[in-house]
S.K.: 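Sharing a structure, written as structure tokens. Questions coming.
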Amino acid sequence: MTPPLSVDVAVIGGGPAGMAAASAATGLGCRVGLVDSYPLLGGQVHRQAWRRLGAGQDPVAGLPRRFRGLGADPGVRLHLGSSVWHARQVTGGFELLLTTGESVHAGAVVLATGAVELVLPFPGWDLPGAMTPGAAQALLKGQGRLAGRRVVVAGSGPFLLPVAAGLVRAGATVVAVAEASRLRPGVLGRPGVWRGLSSSPAKLAEGAGYLSALLRRRVPLLAGWAVTACRGRSQVEEVRLSRLAPDWAGWDRERWVRADTCCVGYGFVPSMELARALGCGERPRRGLPGSAVVVGPDQSTSTGGVFAAGEVCGISGAAAAELEGLLAGRAAACWVGKRGGRPGPPTASVRRRLARQRSFAVALEQLGRIGAGWTAWLEDETPVCRCEETTWAKVRQAVGAGARDLRGVRGLTRAGMGYCQGRVCGPALALAVAGLAGRGLAEVGDLATRSIAWPVPLGTIAHSAGPG
Amino acid sequence: MTGRHTADVIVIGAGLVGACCALALSEAGMEVCVVDRRGPAGGTSAAGEGNVLVSDKLAGPELALALRSRRLWDELGSRLPLDFELEAKGGLVVGRDEEEMAAIGDLADRQAAMGVEVERLGPGDLARAEPLLAPDLAGAAYYPQDACLQPMLATAGLLAAADRAGARLMLGIEAAGGTARSGAGMTISTSAGVLGAGAVVNAAGPWSGEVARGLGSTIPVKPRRGSILVTEPLPLAVRHKVYEGDYVAAVVDDASSLACSAVVEATRSGTLLIGSSRQFVGFDATPDVGVLGELARRALRLFPFLSRVRALRTYSGFRPASPDHLPIIGADPAVPGLWHATGHEGAGVGLAPATAELIAALVTGTTPPVDPGPFSPSRFAPAPGARCNG
Ligand SMILES: Cc1cc2nc3c(=O)[nH]c(=O)nc-3n(C[C@H](O)[C@H](O)[C@H](O)COP(=O)(O)OP(=O)(O)OC[C@H]3O[C@@H](n4cnc5c(N)ncnc54)[C@H](O)[C@@H]3O)c2cc1C
Ligand SMILES: Cc1cc2nc3c(=O)[nH]c(=O)nc-3n(C[C@H](O)[C@H](O)[C@H](O)COP(=O)(O)OP(=O)(O)OC[C@H]3O[C@@H](n4cnc5c(N)ncnc54)[C@H](O)[C@@H]3O)c2cc1C
């Protein structure tokens with residue numbers, strides 16, 4: 001076994017949360033190890049184009065200026081293009097096992113693993129040309145490629161707007177942007193909603209900017225509409241848009257539009273695998289599948305020495321992720337006994353800004369909820385798990401045969417047993433099974449694993465997983 | 001507390017063993033009710049592999065039960081209302097050197113004397129049977145009767161058949177305790193109220209010790225944890241169930257720390273399952289990558305090509321272990337009306353149908369096809385007079 005590399009603070013995830021944590025910790029004199037699966041830093045929101053020129057591409061060149069220092073910082077060791085497949089407590093701290101076969105020992109860990117998109121299946125979602133908004137955006141940012149020429153962007157949540165605006169700017173025709181939720185009268189009067197929205201004028205302005213860019217190109221913006229099917233011979237050719245009934249139980253109007261691509265996503269689900277491996281306390285998300293890491297005011301988790309920041313603690317957007325990263329990096333440095341070095345902005349002001357960002361996110365979350373009746377658009381033959389081609393009829397049969405939770409359904413249908421291990425289908429399956437079995441989301445559980453957070457060659461396991 | 005009469009027999013546990021018991025008892029004419037706090041196969045039956053083996057049994061009573069069960073699985077394969085992927089793919093027990101081969105041959109001879117089909121393979125035959133095995137192995141014993149199935153589908157199929165035969169399923173209901181009724185039968189308290197029946201079958205797998213305690217008895221069943229690595233799907237890389245010759249030694253090794261032995265097999269969807277570990281750690285489910293490392297190292301010794309194959313996930317389960325490695329099947333010696341069908345450790349899938357056949361015969365008072373004596377729960381009861389002797 002190769003001897004482990006030793007650092008004070010290990011940061012998992014190189015998005016805004018992870019980069020901010022690494023900067024804060026190195027600023028306080030820590031040796032930092034920063035790991036990300038992608039070969040360049042940035043995470044989702046600051047994703048950089050990867051030119052595939054082999055080694056040698058500067059992993060920070062395309063980042064906002066405040067992060068570029070990470071590339072040349074002697075206190076930061078970057079492990080890029082390498083995933084943490086397991087993390088565990090060992091004497092004196094933590095051990096991260098990487099898919100490259102390396103292992104990193106650290107006194108403290110910052111989890112900044114972000115989130116994955118929530119996909120709700122619909123007939124035709126397995127056709128080429130059907131994808132998530134994030135995938136379309138990653139193609140654009142990571143490879144400079146347009147996902148398609150005529151695109152429908154649909155689903156729910158504020159993320160649809162930047163994706164649609166980005167596609168329009170890059171030359172695609174956006175046929176429609178369909179937001180499934182409808183702004184119901186009275187929702188603005190709910191506690192916190194108005195205050196949350198007005199707490200962040202900058203964010204409202206950002207949203208307004210995307211909207212006006214779309215309106216200038218006469219992109220139809222539909223509220224209360226969803227993509228309920230798409231079809232085509234060997235790829236998406238037509239997309240069905242439906243005006244949803246209350247709670248999404250069916251629809252009263254529909255129209256088929258011509259498009260070669262549809263990007264559909266319903267928000268995000270925190271990536272919890274490593275948090276679970278480290279035993280961090282988690283909380284369910286109201287009305288949404290998956291759970292989030294519970295953190296204190298300094299981003300500490302219930303496991304001493306483990307801190308969490310960004311979307312893994314709940315979906316509050318990139319600005320909040322960065323502020324949380326800053327706090328987590330500081331707290332991790334403090335945990336390993338480093339307090340000197342460069343002073344940053346005072347903690348109290350960081351917390352105030354963070355509180356504003358979070359109340360904005362909470363308000364947005366109240367505006368859009370997934371309607372319990374969404375499964376109305378599934379047909380018997382619709383694959384719910386693409387890896388194993390498990391159909392909706394099979395899932396219903398499994399629940400009819402007595403399966404009452406996700407693991408039970410997986411055992412009877414193979415849903416979630418394929419390559420993605422339920423990362424794609426698990427959250428939607430949780431919503432569907434909870435509906436079918438008449439149980440709460442927490443009761444039906446999830447498919448997230450604890451021991452292997454990322455596919456890893458057996459040779460690497462054999463080589464690096466010694467006795468704990 | 002008398003409890004309304006719910007059924008002739010209440011089966012606690014809807015794992016493979018409970019599901020088989022429910023079907024056998026219903027078909028024997030009893031009115032059956034199955035209670036499980038989770039769903040079908042909510043326990044170990046969803047957390048193991050699905051092998052129906054004769055190869056791993058020492059020549060003795062468990063092998064007799066296994067041979068009977070193997071035949072019953074074939075019958076079930078042709079009559080359950082659901083395809084549960086039963087396949088006689090055959091087992092290969094491989095030896096690394098002459099010494100291991102001698103031990104493997106010795107066991108094979110004794111098993112053959114009881115009716116097991118087994119064939120010796122030299123290195124050449126072995127390479128033809130399983131081309132991707134390491135080239136330096138000394139040989140193998142080939143067991144064509146070894147089969148596999150998908151335990152969760154099998155459980156669902158058994159319960160559907162039991163349902164057709166009149167059994168009632170009560171899922172999401174926990175059995176908390178109970179007492180023998182004066183006269184005959186038992187009363188049990190559950191999260192859905194008090195139920196009464198002429199007989200109660202404890203098929204609660206690794207939890208059957210707790211269930212027995214709640215019903216006023218004791219049986220020595222302990223959970224023995226096992227972990228499995230699951231790989232990405234591969235087309236037809238491993239054809240048989242392949243395991244190391246020292247597997248049987250690991251089964252009977254009572255060390256509480258860790259007993260490991262490589263077991264590699266493919267599932268119908270092409271993923272490989274890699275086991276097998278045995279640990280007494282209570283119901284502790286904390287991930288233990290040290291165990292995964294050991295499983296991977298052993299599997300690579302058998303199949304070097306696995307080095308580049310990716311593992312996608314792991315799972316672990318708790319085998320219901322009995323102290324003498326024999327299942328516990330039959331009437332409770334202390335509580336009239338209570339029956340046990342448990343303690344199968346790593347063989348409950350294979351042994352479930354024959355276990356159920358024994359239970360149905362014993363409960364209805366007919367002659368069982370296999371001698372139930374060696375499995376009797378009374379073997380753990382203190383000998384008469386033991387208490388007086390201190
Ligand atoms: C596909 C996608 C696109 C998005 N685009 C936008 C956008 O344009 N605008 C916007 O405001 N928000 C966007 N979001 C939301 C976005 O996630 C947040 O706003 C912000 O990026 C969150 O920052 P983060 O640091 O928490 O996570 P992320 O930026 O998601 O960073 C997490 C990082 O962790 C890495 N990682 C995860 N697990 C491991 C592991 N086991 N080993 C190694 N590395 C690991 C990932 O590779 C990733 O780089 C997007 C989200 C997704 C999923
Ligand atoms: C890693 C591993 C690999 C294995 N491989 C094999 C193999 O290849 N071949 C083989 O034959 N065997 C194998 N086994 C063993 C086999 O899985 C078990 O012997 C078998 O599943 C036991 O079945 P069961 O019905 O007795 O128990 P379980 O399947 O555990 O069922 C017990 C049921 O009782 C319920 N229950 C418990 N307490 C209560 C209560 N108080 N009230 C109501 N319900 C309750 C539980 O919810 C559960 O559903 C393996 C086991 C493991 C862990």
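Remember, it's a predicted structure, so these values are computed and weren't measured experimentally. Letters A, B, ... are given to chains in the order of the sequence lines, protein chains preceding strands, and every chain is numbered from 1.
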S.K.: I'd like to know if the side chain of Q150(B) reaches the main chain of G411(A), judged simply by a donor and an acceptor atom lying under 3.5 Å from each other, with no hydrogens or angles considered.
M.R.: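 Side chain of Q150(B) to backbone of G411(A): a pair is present.
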S.K.: With a 4.5 angstrom heavy-atom cut-off, is it the side chain or the backbone of S316(B) that approaches chain A, or both, or neither?
M.R.: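 Neither part.
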S.K.: Is there a side-chain contact between M152(B) and R410(A) in this structure, where contact means two heavy atoms from C-beta onward sitting under 4.5 Å apart?
M.R.: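 In short, these two side chains do not touch, never coming nearer than 4.5 Å.
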S.K.: So which part of I274(B) gets closer than 4.5 Å to some heavy atom of chain A, the side chain, the backbone, both or neither?
M.R.: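 For I274(B), the side chain is the part near chain A, not the backbone.
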S.K.: Measure distances from A14(B) to the heavy atoms of chain A and classify the residue's part below 4.5 Å as side chain, backbone, both or neither.
M.R.: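 Neither; nothing under 4.5 Å.
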S.K.: Restricting to non-hydrogen atoms, name the atom on S451(A) and the atom on L292(B) that form the minimum distance, rounded to 0.1 Å.
M.R.: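 Reported closest heavy-atom pair: CB-CD1, 4.0 Å.
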S.K.: Between V289(B) and I461(A), is there a side-chain heavy-atom distance shorter than 4.5 Å?
M.R.: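 No - every pair of side-chain heavy atoms lies 4.5 Å or more apart.
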S.K.: Which atoms form the tightest heavy-atom contact between P40(B) and A401(A), and what is the distance?
M.R.: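 Closest pair (atom of P40(B), atom of A401(A), distance): CG-O, 3.8 Å.
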S.K.: Side chains of I452(A) and L229(B): closer than 4.5 Å at any heavy-atom pair?
M.R.: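 Result yes, sub-4.5 Å side-chain heavy-atom pair found.
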S.K.: Inspect the surroundings of CD in E389(A) and state if more than 12 heavy atoms from other residues, nucleotides or ligands are less than 6.0 Å away.
M.R.: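 Result for CD/E389(A): open.
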S.K.: Against chain A, work out which of R308(B), R310(B), E294(B), R38(B) has the most heavy-atom pairs shorter than 4.5 Å and name it.
M.R.: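 Of the options given, most contacts go to R310(B).
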S.K.: Within the 4.5 Å heavy-atom criterion, are P287(B) and H86(A) side-chain neighbours or not?
M.R.: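 In contact.
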S.K.: Is there a side-chain contact between P457(A) and V309(B) in this structure, where contact means two heavy atoms from C-beta onward sitting under 4.5 Å apart?
M.R.: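 Side chain of P457(A) against side chain of V309(B), heavy atoms only: no contact under 4.5 Å found.
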S.K.: Select one option (side chain, backbone, both, neither) describing which atoms of L306(B) are under 4.5 Å from chain A's heavy atoms.
M.R.: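 Both backbone and side chain of L306(B) come within 4.5 Å of chain A.
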S.K.: Would you please say whether a donor-acceptor pair under 3.5 Å links the side chains of Y315(B) and R407(A)?
M.R.: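 No, no side-chain donor-acceptor pair sits under 3.5 Å.
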S.K.: For side-chain contact (heavy atoms from CB on, under 4.5 Å), just list the numbers for M417(A) and T271(B), CA-CA rounded to whole Å, side-chain angles, deciding distance to a tenth of an Å, and then say yes or no.
M.R.: CA-CA 9 Å; M417(A) 282 200 190; T271(B) 54; over 6 Å; no
S.K.: Counting heavy-atom pairs under 4.5 Å with chain B, which one of L458(A), T99(A), L412(A), D405(A) comes out on top?
M.R.: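 Among the listed options, the one with the most contacts to chain B is L458(A).
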S.K.: So which residue, G270(B), P233(B), G172(B), G42(B), ends up with the most heavy-atom pairs under 4.5 Å with chain A?
M.R.: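 Most heavy-atom pairs within the cutoff with chain A belong to G172(B).
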S.K.: Below 4.5 Å, heavy-atom pairs only: which of S269(B), G39(B), A46(B) has the largest tally toward chain A?
M.R.: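 Sorted descending by pairs with chain A, the first entry is S269(B).
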S.K.: Chain B heavy atoms under 4.5 Å from R276(A): which part of the residue, side chain, backbone, both or neither?
M.R.: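 Neither part; nothing is under 4.5 Å.
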